[in-house]
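Below, all heavy atoms of this structure are taken into account, side chains as well, without hydrogens, waters or symmetry copies.
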Amino acid sequence: MEVRYLEALSEQRRAEVRAAVCAVETARLPVPAARFRALAEVPLRRVVEEVLAASGRTLLGVGEGFLSGYDDTVRARLADEGVGVLPREDRAVLTLVLLFSVAAPRAGGSVLPQALWTQGVPVSRERLKQSTVPDRVVDAALSRLTAADLVRTTGSGIVLGSQLLRLTPAAQADLFEHLVLLAEPQGVRGCCLFDLERWRSNAVSRSGDLAVAGA
């Protein structure tokens with residue numbers, strides 16, 4: 001993709017844009033806009049978005065700062081190709097952490113909807129082992145997930161890692177939909193989501209165009 005707006009800038013402004021792009025691509029936590037002119041000023045921020053889009057990335061507003069993540073279309077294509085997909089055991093344990101740290105507390109009101117996923121309720125390793133996942137699988141998966149910064153251990157327990165902050169709103173919604181189906185597959189909301197997913201699948205089959213299904 002051509003980055004024509006970047007090329008139209010002065011050398012100084014291009015350097016400011018590149019610095020901002022580097023920051024949001026490598027930072028562990030959201031980058032405050034005040035730290036980079038190219039994030040604080042809307043016209044330059046649009047150029048940052050253009051540069052990221054050229055690599056299949058997108059700028060994400062996270063809390064009071066910014067990070068980057070994969071564009072939803074790119075994310076879906078990579079998943080279809082098996083690129084970056086977690087092993088089944090790791091997905092199971094990550095789902096448990098997400099369920100007990102964020103989803104259930106949010107439903108109960110102890111975690112606000114606008115809170116970052118990394119600010120969930122810490123979950124003990126023992127709580128995770130009360131599931132049907134074998135203890136040795138939980139331990140091994142937590143080790144790999146920690147190394148990937150998908151979970152982290154605090155003094156009170158396990159919470160989600162900063163890599164989860166790089167999910168787009170659509171990706172977060174997909175995860176929560178699947179959690180609803182997992183927790184209550186026969187519930188009213190679960191049935192509605194199942195019908196929606198079936199409609200999306202049918203739309204893809206009819207049109208062959210993923211954009212139609214995501215409309």
Side-chain angles (χ1 to χ4, degrees), residues 15-42 44-72 74-76 78-79 83-87 89-103 105-106 111-125 128 138-176 179:
E16 291 170 347
V17 168
R18 293 190 182 102
V21 169
C22 181
V24 298
E25 285 280 67
T26 60
R28 183 173 177 274
L29 297 175
V31 179
R35 284 182 51 190
F36 293 91
R37 181 174 183 173
L39 294 178
E41 297 183 5
V42 175
L44 288 179
R45 193 188 310 155
R46 296 289 179 261
V47 183
V48 171
E49 293 172 345
E50 178 193 51
V51 174
L52 289 170
S55 300
R57 307 282 285 175
T58 187
L59 186 66
L60 302 170
V62 182
E64 297 182 356
F66 294 93
L67 287 171
S68 60
Y70 279 113
D71 171 85
D72 288 318
V74 175
R75 172 178 59 88
L78 291 174
V83 178
V85 176
L86 293 173
E89 293 83 1
D90 293 12
R91 295 200 305 269
V93 174
L94 182 60
T95 297
L96 289 174
V97 177
L98 178 57
L99 179 62
F100 293 130
S101 178
V102 177
R106 181 180 291 184
V111 170
L112 297 176
Q114 64 268 29
L116 299 181
W117 283 18
T118 52
Q119 298 171 336
V121 176
V123 184
S124 68
R125 188 177 295 252
L128 298 176
V138 171
D139 289 332
L142 285 176
S143 179
R144 292 188 294 269
L145 293 171
T146 299
D149 198 19
L150 291 170
V151 303
R152 63 186 176 90
T153 301
T154 68
S156 303
I158 299 164
V159 295
L160 294 174
S162 61
Q163 285 301 314
L164 273 297
L165 298 178
R166 294 184 178 276
L167 293 176
T168 65
Q172 292 184 10
D174 286 346
L175 274 179
F176 265 98
L179 275 177

Checklist line | Minimal non-hydrogen separation, Leu60 against Gly69, with atom names | finding: CD1-N, 4.0 Å

Check: Which pair of non-hydrogen atoms, one from Arg166 and one from Val24, has the smallest distance, and what is that distance?
Finding: NH1-O, 2.8 Å

Margin query: What's the separation between atom CG in Asp149 and atom CG in Leu160, rounded to the nearest 0.5 Å?
Written below: 10.5 Å

Next item on the list: Write down the atom of Gly63, the atom of Leu116, and the distance for their closest heavy-atom approach.
Entry: N-CD2, 3.8 Å

Check: Any side-chain heavy-atom pair from Arg91 and Val85 closer than 4.5 angstrom?
Finding: yes

Next item on the list: Over all heavy atoms of both residues, which pair between Arg144 and Asp90 is shortest? Give the atoms and the distance, please.
Entry: NH2-OD1, 2.6 Å

Notebook entry, point to check: Taking all atoms of both residues into account, what is the closest heavy-atom pair of Val97 and Val123, and its distance?
Noted result: O-CG2, 4.4 Å

Item checked: Residue pair Trp117 / Leu98, side-chain heavy-atom distance below 4.5 Å -> yes

Margin query: Looking at every heavy atom in both Gln172 and Leu167, which two are closest together, and how far apart are they?
Written below: NE2-O, 3.6 Å

Checklist line | Any donor-acceptor pair under 3.5 Å from Thr154 side chain to Ser156 backbone | finding: yes

Next item on the list: Kindly compute the distance separating OG1 (Thr58) from CG (Asp71), expressed to the nearest 0.5 Å.
Entry: 6.0 Å

Checklist line | Option passing side-chain contact (heavy atoms from CB on, under 4.5 Å) with Leu39 (candidates Leu44, Val17, Val31, Val21) | finding: Val31

Item checked: Flag if over 12 foreign heavy atoms under 6.0 Å of OH, Tyr70 -> no

Margin query: To the closest 0.5 Å, what do you measure between CZ (Arg18) and CD (Glu25)?
Written below: 14.5 Å

Note to self: Does Gln114, at its CD atom, have more than 12 non-hydrogen atoms belonging to other residues, nucleotides or ligands within less than 6.0 Å?
What the structure shows: yes

Notebook entry, point to check: Do Arg28 and Leu165 have side chains that get closer than 4.5 Å, going by heavy atoms?
Noted result: no

Next item on the list: Could you tell me the separation between the CG atom of Leu94 and the CG atom of Leu150, rounded to the nearest 0.5 Å?
Entry: 6.0 Å

Notebook entry, point to check: Could you walk me through whether Val74 and Arg57 pass the side-chain contact (heavy atoms from CB on, under 4.5 Å) check?
Noted result: CA-CA 8 Å; Val74 175; Arg57 307 282 285 175; over 6 Å; no

Next item on the list: Calculate, to the nearest 0.5 Å, the distance between atoms OG1 and CG belonging to Thr118 and Leu29 respectively.
Entry: 7.0 Å

Next item on the list: Measure the CG-OG1 distance between Leu128 and Thr95 for me, rounded to the nearest 0.5 Å.
Entry: 11.0 Å

